[in-house]
Amino acid sequence: HEDRPDTALPMLHVIRTFSRVPCVVVGAADDPDRSIRLLDAGADDMMPRETPLPIMLARMRALLRRAAWGL
């Protein structure tokens with residue numbers, strides 16, 4: 001929503017100071033500049049809010065598999 005501040009970017013900066021936990025940002029997909037900033041800040045994936053739940057869960061499982069391979 002336009003009136004709410006974007007809290008994802010500062011939160012990603014905080015998370016990345018102490019953890020490499022996989023981070024998926026779910027939100028509006030209509031702002032390419034925001035997506036770039038979030039991915040550059042450490043988001044591992046971005047999904048539009050309208051993504052069906054089974055697809056979200058499958059992408060999250062894939063991300064966790066890739067994260068486990070890096071251990």
Side-chain angles (χ1 to χ4, degrees):
H1 189 271
E2 294 174 14
D3 297 333
R4 288 192 320 212
D6 187 352
T7 58
L9 191 60
M11 187 172 295
L12 273 170
H13 285 298
V14 170
I15 290 169
R16 288 299 177 235
T17 62
F18 64 87
S19 178
R20 289 303 307 157
V21 65
C23 294
V24 177
V25 177
V26 178
D30 57 351
D31 186 352
D33 292 328
R34 178 177 182 265
S35 296
I36 291 167
R37 286 192 308 274
L38 288 166
L39 290 165
D40 285 345
D44 294 291
D45 197 3
M46 305 263 320
M47 286 187 256
R49 198 172 280 120
E50 300 79 23
T51 303
L53 183 59
I55 294 173
M56 278 189 186
L57 294 173
R59 288 174 66 177
M60 288 182 191
R61 285 192 301 269
L63 178 60
L64 290 171
R65 277 194 307 274
R66 287 192 303 272
W69 293 337
L71 294 177

Notebook entry, point to check: Residues in salt bridge (charged side-chain N to carboxylate O under 4.0 Å, His left out) with Arg20, at least two apart?
Noted result: none

Item checked: Where Asp44 and Pro22 come nearest, the two heavy atoms and their spacing -> OD2-CA, 3.2 Å

Next item on the list: Measure across Thr51 and Ile55 and return the closest heavy-atom pair with its distance rounded to 0.1 Å.
Entry: CG2-CG2, 3.7 Å

Notebook entry, point to check: Atom CG of Asp33 and atom CG of Leu38: how far apart are they, to the nearest 0.5 Å?
Noted result: 11.0 Å

Checklist line | Heavy-atom pair of closest approach, residues Leu12 and Gly42 | finding: CD2-C, 4.2 Å

Check: Are Asp45 and Leu39 side-chain neighbours, meaning at least one heavy-atom pair lies under 4.5 Å?
Finding: no

Next item on the list: Look up atom CE in Met46 and atom CZ in Arg34, then write down how far apart they are to the nearest 0.5 Å.
Entry: 5.5 Å

Next item on the list: May I ask whether Met47 and Leu63 are part of the same hydrophobic cluster, defined by side-chain heavy atoms of I, L, V, M, F, W, Y residues being less than 4.5 angstrom apart, directly or through others?
Entry: yes

Next item on the list: Could you tell me whether the side chain of Val26 reaches within less than 4.5 Å of the side chain of Met56, counting heavy atoms only?
Entry: yes

Next item on the list: Please examine the side chains of Cys23 and Arg16, heavy atoms only from C-beta on, and report whether any two atoms are closer than 4.5 Å.
Entry: yes

